[in-house]
Q: 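The structure that follows is given in the form of structure tokens.
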Protein chains: 2
Amino acid sequence: MAYADVFKALSDPVRREILTMLKEKRMAAGEIVARFDVSGATISYHLSILKKAGLVFETREKNFIYYELNASVLEEVLLWIHALRGVSDGEIKE
Amino acid sequence: MAYADVFKALSDPVRREILTMLKEKRMAAGEIVARFDVSGATISYHLSILKKAGLVFETREKNFIYYELNASVLEEVLLWIHALRGVSDGEIKE
DNA sequence: CTCCTATTTAGATTTTTCTCTAAACAGATT
DNA sequence: AATCTGTTTAGAGAAAAATCTAAATAGGAG
């Protein structure tokens with residue numbers, strides 16, 4: 001996992017919105033496209049960036065491609081930020 | 001706090017490195033510049049982006065400007081990611 | 001008040017990102 | 001095998017980001 005890829009992926013509003021949608025349920029690319037006011041090609045581009053960051057994975061069924069959130073990468077980012085934040089009030093200092 | 005600004009700020013390796021340095025101790029702009037292989041103007045630009053995102057704040061002393069990490073914004077980002085990640089294994093489902 | 005040191009701002013350039021339309025591809029259906 | 005549906009890839013253009021050098025600013029120090 002490359003933090004650069006993940007934070008870059010998270011830095012775009014369309015991509016954050018896609019992730020939020022995928023939190024509810026997996027969706028086919030076309031379903032996602034339908035919810036935005038941009039071309040299918042553009043959504044496909046955003047999905048490729050999310051995929052490269054490891055934030056989503058796809059499963060092919062019939063001629064649909066379903067996208068799903070990959071929580072494990074989020075876990076790693078959570079750890080990075082947590083470490084940066086450092087030891088805070090509620091926690092035990094060594 | 002705008003997530004766009006924060007994630008954009010975190011998406012650059014130089015800026016992430018600056019934050020990591022600031023975790024240890026506050027630093028003057030010049031000290032930061034000394035640790036990178038880019039011009040002072042460039043670091044100043046990165047600092048302005050971190051400041052805009054609320055990830056750092058500055059305190060002026062003599063003719064130095066010291067930069068410090070602002071953990072509270074990290075806290076908010078942590079919450080956003082946590083919410084996106086959703087309910088996971090160890091937690092109680094409602 | 002002039003000079004020095006620390007830092008930022010301005011302006012220009014290169015690179016990267018986002019978006020589009022059009023074309024290609026992949027898999028099912030007829 | 002021809003076609004239709006869902007999606008991606010290619011190529012191009014516009015906008016935003018990152019970097020540089022040079023100039024400006026701000027605050028001490030002499």
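Chain letters run A, B, ... following the sequence lines, proteins first, then strands; residues in each count from 1. Values in this document were obtained by computation on a predicted structure and should not be read as measured data.
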Q: Indicate yes or no for a side-chain donor-acceptor contact from B/Asn70 to the backbone of B/Gly54 under 3.5 Å, with no hydrogens or angles considered.
A: yes

Q: Over all strands shown, is B/Tyr67 touching base, sugar-phosphate only, or nothing at heavy-atom distances under 4.0 angstrom?
A: sugar-phosphate

Q: Any salt bridge between B/Glu17 and B/Arg15, counting N to O under 4.0 Å?
A: no

Q: Got a second to check how far A/Leu10's CG is from A/Leu55's CG, nearest 0.5 Å?
A: 5.5 Å

Q: Determine all donor-acceptor pairs shorter than 3.5 Å in which one atom belongs to a side chain in residues 31-39 of chain B; sequence neighbours excluded.
A:
{"residue": "B/Glu31", "atom": "OE1", "partner": "B/Ala28", "partner atom": "N", "Å": "3.0"}
{"residue": "B/Ser39", "atom": "OG", "partner": "B/Thr42", "partner atom": "N", "Å": "3.2"}
{"residue": "B/Ser39", "atom": "OG", "partner": "B/Thr42", "partner atom": "OG1", "Å": "3.1"}

Q: Counting the atoms with a prime plus P, OP1 and OP2 as sugar-phosphate, which does B/Gly30 contact under 4.0 Å by heavy atoms, base, sugar-phosphate, or nothing?
A: sugar-phosphate

Q: A quick test of your reading: do over 12 heavy atoms of other residues, nucleotides or ligands sit less than 6.0 Å from NZ of A/Lys25?
A: yes

Q: First locate atom CG of A/Leu50, then atom CD1 of A/Ile43, and finally report the distance between them rounded to the nearest 0.5 Å.
A: 9.5 Å

Q: Give the rounded distance in Å between these two atoms: OH of B/Tyr66 and P of C/dA6.
A: 10 Å

Q: Rounded to whole Å, please give me the gap between CD1 in A/Ile32 and C1' in D/dT8.
A: 14 Å

Q: Give me, pair by pair, the N or O atoms of the protein and of nucleotides 11-19 of chain C that are less than 3.5 Å apart, along with how far apart they are.
A:
{"residue": "C/dC18", "atom": "OP1", "partner": "A/Asp12", "partner atom": "OD1", "Å": "3.3"}
{"residue": "C/dC18", "atom": "OP1", "partner": "A/Arg15", "partner atom": "NH2", "Å": "3.4"}
{"residue": "C/dC18", "atom": "OP2", "partner": "A/Arg15", "partner atom": "NH1", "Å": "3.0"}
{"residue": "C/dC18", "atom": "OP2", "partner": "A/Arg15", "partner atom": "NH2", "Å": "3.4"}
{"residue": "C/dC18", "atom": "OP2", "partner": "A/Tyr45", "partner atom": "OH", "Å": "3.0"}
{"residue": "C/dT19", "atom": "OP2", "partner": "A/His46", "partner atom": "NE2", "Å": "2.5"}

Q: D/dC20 C1' sits how many Å from B/Phe36 CZ, rounded?
A: 17 Å

Q: Between A/Arg26 and A/Glu61, is there a side-chain N and carboxylate O pair less than 4.0 Å apart?
A: yes

Q: Distance check, rounded to the nearest 0.5 Å: A/Tyr67 atom OH versus A/Glu58 atom CD?
A: 4.0 Å

Q: Rounded to the nearest Å, what distance is computed from the CG atom of residue B/Leu10 to the P atom of nucleotide D/dA18?
A: 12 Å

Q: Grab the CZ-P distance between A/Phe64 and D/dT7 for me, whole Å please.
A: 6 Å

Q: Let me know the distance between CG of A/Leu47 and C1' of D/dT7, rounded to the nearest Å.
A: 10 Å

Q: In whole angstrom, give the distance that lies between atom CD of B/Glu58 and atom P of C/dA6.
A: 17 Å

Q: Calculate the interatomic distance between A/Lys51 atom NZ and D/dT8 atom P; express it in whole Å.
A: 6 Å

Q: Using a 3.5 Å distance criterion without hydrogens, assess whether the side chain of A/Thr20 forms a donor-acceptor pair with backbone atoms of A/Arg16.
A: yes

Q: Please encode protein proximity along nucleotides 23-30 of chain C as a string of B, S and -, counting only heavy-atom distances under 4.0 Å.
A: ----BS--

